[in-house]
Amino acid sequence: MEVSAQEYAFAVLAFVGTFSAIRVVTTRNVVRGALYLVVSLASVGGVFLVTAAEFVAGVQILIYVGSIVILFLFGLMLTKAPIGRDTLDNQQRGVAAIVGLGVFAGLVLLIQDAFSMDAADRIELQATTAAQVGDSMFRDWVLPFEAVSFLLLAALIGAIVLARKDDAQ
């Protein structure tokens, strides 16, 4: 069995993405965690690029790496959030591990249900242009797209309000 260059690139990108995703949740420094998040999201964009989904790869890089992580870093800097090594460590790692395993099990069950191994149930792939994706997104999915953008904005404003320290106290 020969392994193609595309499969090697996929494996390397998947390893880098997995390693950096693990470092996002295990590092104690928030800024380093955000930088690991950049690497993880960029490797996901690379995986999309290797699998010939150039439009999704471009959107992944532009939106997640270019916007959300930068917004996250600006939020950290503007709120003067504690960035030190031990400031975010707490004693709830066991609860977080249980919740994480529960979410992982749920995702595995969901993916197994969505992608059955029967040949009759396989999805037929079709060539799609960026214009078709854009038409579909702004015709059929514009309301959820805008709802998510307002949700992210509300979350950012809420985080700033919660993290802001009053000078009077």
Just distance, no hydrogens or angles: give the donor-acceptor pairs under 3.5 Å from side chains in residues 50-61, sequence neighbours left out.
from	atom 1	to	atom 2	distance (Å)
Thr51	OG1	Val47	O	3.0
Thr51	OG1	Phe48	O	3.0
Gln60	NE2	Leu41	O	3.3

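Hydrophobic clustering keeps Val12 apart from Leu49 (ILVMFWY residues linked when any side-chain heavy atoms are closer than 4.5 Å, directly or through intermediates). Val39 is not connected to Leu35 by any chain of hydrophobic side-chain contacts under 4.5 Å among Ile, Leu, Val, Met, Phe, Trp and Tyr, and they are in different clusters. Under a hydrophobic clustering in which Ile, Leu, Val, Met, Phe, Trp and Tyr are joined whenever their side-chain heavy atoms come within less than 4.5 Å, directly or via other members, Val103 and Val95 fall into the same cluster. No path of Ile, Leu, Val, Met, Phe, Trp and Tyr side chains, each step under 4.5 Å between heavy atoms, connects Phe10 with Phe15, placing them in separate hydrophobic clusters. Hydrophobic clustering, with ILVMFWY side chains joined whenever heavy atoms are under 4.5 angstrom apart, groups Leu152 together with Val38.
With values rounded to the nearest 0.5 angstrom, Thr18 atom OG1 is found 6.5 Å from Ile22 atom CD1. Taking CZ from Phe138 and CG from Leu143, the interatomic distance works out to 13.0 Å, rounded to the nearest 0.5 Å.
Shown here for Leu13 and Ser43, the closest heavy-atom pair between the two residues is O-CB, 3.6 Å.
Formation of a donor-acceptor pair under 3.5 Å by the Ser40 side chain with backbone atoms of Tyr36 is not found in this model. Ser20 contributes a side-chain N or O that, together with a main-chain N or O of Val16, makes up a donor-acceptor pair within less than 3.5 Å. Panel note: side chain Glu7, backbone Ser4; a donor-acceptor pair is recorded below 3.5 Å.
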